[in-house]
Amino acid sequence: QVQLVESGGGLVQAGGSLRLSCAASGRTFSSYAMGWFRQAPGKEREFVSVIAWSGSTNYADSVKGRFTISRDNAKNTVYLQMNSLVPEDTAVYYCAAGRRPTMTKYDYNYWGQGTQVTVSS
């Protein structure tokens, strides 16, 4: 019902910024919670942020104050603005869609292919 494609990843120096985008297709985009997760080599996929259909947001403690999630329902797009990046942010970032705005990866039914973010020191 929902197809997701991430973009905006790349190589950035510590302290820099990136904005990730997730383009979605599907008639019911606005009814889904949209989340961002990330996965580093050798680690499990972890929650980063989520925005609900109501516009309310949640963030992992590790990114609070640095990352901002937003969505533009008219464009069927969700964004993740990442500021003050540190090497620990290096990972593949995945966009996900689910019925409920949880912090658990297993609650999301639709996933993009991911975009690589590398933060150098």
Considering residues at least two apart in sequence or located in another chain, which fulfil the side-chain contact (heavy atoms from CB on, under 4.5 Å) criterion with [X]?
{"X": "Ser54", "answer": "Ala52, Ser56"}
{"X": "Thr104", "answer": "Thr102, Tyr106, Asp107"}
{"X": "Asn83", "answer": "Ser17, Gln81"}

Between Thr57 and Ile51, is there a donor-acceptor pair closer than 3.5 Å when you use the side chain of the first and the backbone of the second?
no
In chain order, what residues pass the side-chain hydrogen bond (donor to acceptor under 3.5 Å, both in side chains) check against [X], with sequence neighbours excluded?
{"X": "Ser84", "result": "none"}
{"X": "Lys43", "result": "none"}
{"X": "Asp72", "result": "none"}
{"X": "Asn58", "result": "none"}

Salt bridge (charged side-chain N to carboxylate O under 4.0 Å, His left out) contacts in which one or both residues fall within residues 54-68, not counting sequence neighbours
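Listed once each, the pairs are Asp61-Lys64, Arg66-Asp89.
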Give me each pair satisfying disulfide (SG to SG under 2.5 Å) with a member in residues 58-90, each pair once, sequence neighbours excluded.
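Applying disulfide (SG to SG under 2.5 Å) to every pair that reaches into residues 58-90, excluding sequence neighbours, yields nothing.
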Side-chain donor-acceptor pairs of residues 3-13 under 3.5 Å, sequence neighbours excluded:
| from | atom 1 | to | atom 2 | distance (Å) |
| --- | --- | --- | --- | --- |
| Gln3 | OE1 | Ser25 | OG | 2.7 |
| Glu6 | OE1 | Gln113 | N | 3.0 |
| Glu6 | OE1 | Gly114 | N | 2.8 |
| Glu6 | OE2 | Cys95 | N | 2.8 |
| Glu6 | OE2 | Gly114 | N | 3.2 |

With sequence neighbours left out, write down each residue that passes salt bridge (charged side-chain N to carboxylate O under 4.0 Å, His left out) with Glu44, or none if nothing qualifies.
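Partners of Glu44 under the salt bridge (charged side-chain N to carboxylate O under 4.0 Å, His left out) test: Lys105.
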Any chance you could pull the hydrophobic cluster mates of Val50, using side-chain heavy atoms under 4.5 angstrom and chaining through other members?
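So far as hydrophobic clustering goes, Val50 is joined with Phe37, Phe47, Val92, Tyr94, Met103, Tyr108, Trp111.
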Inter-residue atom distance Arg71.CZ - Leu80.CG, 0.5 Å rounding
13.5 Å
